[in-house]
Amino acid sequence: MAVPAAFLALFFAFPFAAILERGLVGGGPTFDVLTSESTLRILWFTLWQAGASTALTLLLGLPLAWVIARFEFPGRSLVRALVLVPFVLPTVVVASAFLALLPEGLERGVVAILAAHVFFNVAVVVRIVGSWWGRLDPRLWEAAATLGAGPAQRLRAVTLPLLRPPLAAASALVFLFSFTSFGVILILGGPRYATLETEIYTQAVRLFDLRAAAALSLLQLGSVAIVLAVAGAIERRFGVVVPVARERDVARPPRGWERAALVTVLLLSGIALALPLTALVERSLATPNGYGLAFYRMLGKETPALLVPPWHAVLNSLAFAAAATVLAHLVGGSAAVAVARRRAGWLDALVMLPLGASAVMLGLGFVLAFDDPPLDLRASPWLVPVAQSLVAAPFVVRIVAPTLRSIDNRLREAAAVLGASPARVWREVDLPLALRAVGVAAGFAFAISLGEFGATVFIARSDWPTVPVAIFRFLGRPGAVNAGQAAALGVVLMVLTAVTVLLADRVTTVRRGTL
Amino acid sequence: MRRLPLALVGLCLALAGCGGDDDGREVVLLTHDSFAISKPVLRAFERETGLTLRILQGGDAGEALNRAQLTVGNPEGDVFFGVDNNLLSRALDGDLFEAYASPELERVNESYLLDEQHRVTPIDHGEVCLNIDRGWFASRGLDPPRGFDDLVTSRYRRLLVVQNPATSTPGLAFLLATIAQYGEDGWASWWRRLRENDVLVVDGWEEAYTARFSGASGSRGDRPIVVSYASSPPAEVVFAGRPLEEAPTAVVASTCFRQVELAGILRGARNEEGARKLIDFMLSPAFQADVPLSMFVFPVREGVRLPPEFERFAVVPARPLELSPQVIGANRDRWIREWTEIVLR
């Protein structure tokens, strides 16, 4: 418990407190900011769009989670990996694809915002709920069917109650991501829409009103804490011990009506998720001299947009992502164990809080807090994976803790009775059962770190750019070559994500537990 | 599990170890994302001075300035580059800089000197102007707009995309251009008419130019007029990926607003001697000749040859619109608030 608490204290609470203190001390009272009409309007919009985004994401994500978890079909593991790709793409890249695809009149405003949030977050539902769904013992449904329950009744009486923990976890994460969404609101909402996150940015960066920005940050953090407390209460209330399947993979070929359902779900999700991505691939290949790989070849050469050749960014991203994944597992993994074993709900909420903090304020806090030896970290490349792991650790906790909690304690007791030491119980019981969850979490952590932009752009050294930072630098310059290289890097990011997630899935599903 | 806290301590030490290497041989330039320098020019500086140049990019111009303001007195770098005339008052009020009059200033036209006390040194200028998609206008047989007055007429309805001045540097410059053009009494009614003429407002230059403007290569945008820079047409040629006889876009010269970018030595700089050398170098012929093709701006030093792409395709407006930094500083935030009420609410 000490590890995650210390890590969060040092790299989250300390810098965040530093920037809040700068804004609030000597800035005069902040009550007027919080009660102004525009703040209340912004708070309301932030809340309802996050709620609507979450509901829609669940609605569209659950069928896909069901299909991937329960059925065997060709290309299944590829689909499972590809779902994560939208999650890592920089918002500015996806948003421009949305601008081109959505029909006139809908391309900006609430519809576009909700569509983009679903597109980005559907992976959270599919993978978190899906990995859980896939472990459920299929005999439950068989038993229910034998007792005369139809598909709808089985869904209501068996499936949904058993899925409550991952549903709560996934909903909380999607809600938080939509609640603190930044690029999507700015680009697809246009200047007429504001959430707390975009308003904090405007106040802090454009108007340099740190007092208002700090007050709004506190409001945002407070709202997030309330959401987390509610979600945590729901999860604890409905925490269940799950009958785990004996087989490694319970998926089977679809039968009868299931076949039509499977094809429909895959087709619709494929269209919704693949169209914006295809547009990106097309753009990366469309050179001024016809289709070709010229933009990809340019990634190896020097460019005025960056201090290093663009391919360096790919290596940097991979290295940072690996480091961030390890850090997120050290922090999030030990937090998950503490949360699951000791019911340390406060730790759960604490790990989640960075997701609710404004990225720009945290970035400014880093600059402000780590400016004195021995902690003059402002120029350290280490700061990048540290910041990224703050975003990734909540996923590790949310994915691993419910799994650990769902393990029947009698298994552990039996192992102990048979003479296993606590360490051995952990190794032989908890770890094999949680391995699938750890794999899912690792995939997320890696992907988040690959795609993280808001905090990274603030602290990445110019000679150590990541891929999203490099994309942004290219997009900041006119000319076909710059736009083309941005698209090519976007495709590279997609491929990297898909490949690493495929690998993580393979490693964690091939190893068999001892049960 | 016991060993983990130890690992964390180790991590902190490793982090701290990477932090400061401070032996006076390094000079740190804090700047914005658009800063660029070619490798040979960078190496020339390091060879001539024996210093190592470390470049720290802190977001766009506004974000980078914020970082400098937050850490005033204990700065992240030695020199800050990238404050422009539109944000200058904020930097000077924040007491960010040490005065330094570089001997190289002799070769710089006086109109670029914006601070008598030399707390800031001009390095480059670039004009924010309307850009048009030449192909779009040619194919429809429509004349491109000649100035601000045309834009509020029905012929140019739904054709313009601009940036929000609250979130974008060129967007702010364009708002200031209209204020310079129509004065304190006239700008608001011009913008009201522009709003009725269906102007599209977006958040930043990237979206406006690369996604909404029809003239950017590879764009699917449908707006043939955009707020961008005087140097955007030559950039379209240089980065076309194939030889071009003509630039696909052009500048509406009467709409240009001057932007001067300045550098200053940060108060509390660890390497003040190196900082002075860096400022001198940024005014040297080598660096000044490099700025057009690396940052797509114009040199402030007199007698610097422009590259052929700039000679052929760039328009340097003879008399760009201007407002003094003092006037901008005193009114900027109010103008942005009023603009927001007029155009967005």
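The sequence lines fix the lettering, A, B, ..., with proteins before strands; numbering per chain opens at 1.
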Heavy-atom pair of closest approach, residues [X] and [Y]:
X	Y	answer
A:Arg22	B:Gln69	NH1-O, 4.4 Å
A:Pro288	B:Gly241	CG-CA, 4.1 Å
A:Pro304	B:Ala36	O-CB, 3.2 Å
A:Arg192	B:Leu344	NE-O, 3.0 Å
A:Arg473	B:Asp33	NH2-OD1, 2.6 Å

Where does [X] contact chain B at under 4.5 Å (heavy atoms): side chain, backbone, both or neither?
X	answer
A:Glu282	side chain
A:Tyr201	side chain
A:Leu210	side chain

(Q) How about CZ on A:Arg424, more than 12 heavy atoms from neighbouring residues, nucleotides or ligands closer than 6.0 Å, or not? (A)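 At most 12 heavy atoms, drawn from other residues, nucleotides or ligands, come within 6.0 Å of this atom.
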Which answer fits [X], side chain, backbone, both or neither, if we ask what part of it has an atom under 4.5 Å from a heavy atom of chain A?
X	value
B:Leu200	side chain
B:Val343	backbone
B:Arg90	side chain
B:Ser34	backbone

Q. Can you name the ring-ring contact (aromatic ring centres under 6.0 Å, His included) partners of B:Phe45, sequence neighbours left out?
A.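 Applying ring-ring contact (aromatic ring centres under 6.0 Å, His included) to B:Phe45 gives B:Phe281.
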How long is the gap from [atom1] on [X] to [atom2] on [Y], to the nearest 0.5 Å?
X	Y	atom1	atom2	result
A:Phe472	B:Asp60	CZ	CG	7.5 Å
A:Phe208	B:Leu70	CZ	CG	5.0 Å
B:Trp205	A:Arg477	CH2	CZ	9.0 Å

Among [options], which residue forms the greatest number of heavy-atom pairs with chain A at distances under 4.5 Å?
options	value
B:Leu87, B:Ile55, B:Val238, B:Asn164	B:Ile55
B:Gln57, B:Lys39, B:Glu236	B:Gln57
B:Ala240, B:Gly221, B:Pro248, B:Ser228	B:Ala240
B:Tyr229, B:Tyr209, B:Phe213, B:Phe296	B:Tyr209

Q | Interface residue of largest heavy-atom contact number with chain B, from A:Val469, A:Leu307, A:Asp463, under 4.5 Å | A |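 Ranked by contacts with chain B, first place is A:Leu307.
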Q | Which of A:Thr303, A:Asn289, A:Ile19, A:Thr202 touches chain B most, by non-hydrogen pairs under 4.5 Å | A |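 Among A:Thr303, A:Asn289, A:Ile19, A:Thr202, the one with the most close pairs to chain B is A:Asn289.
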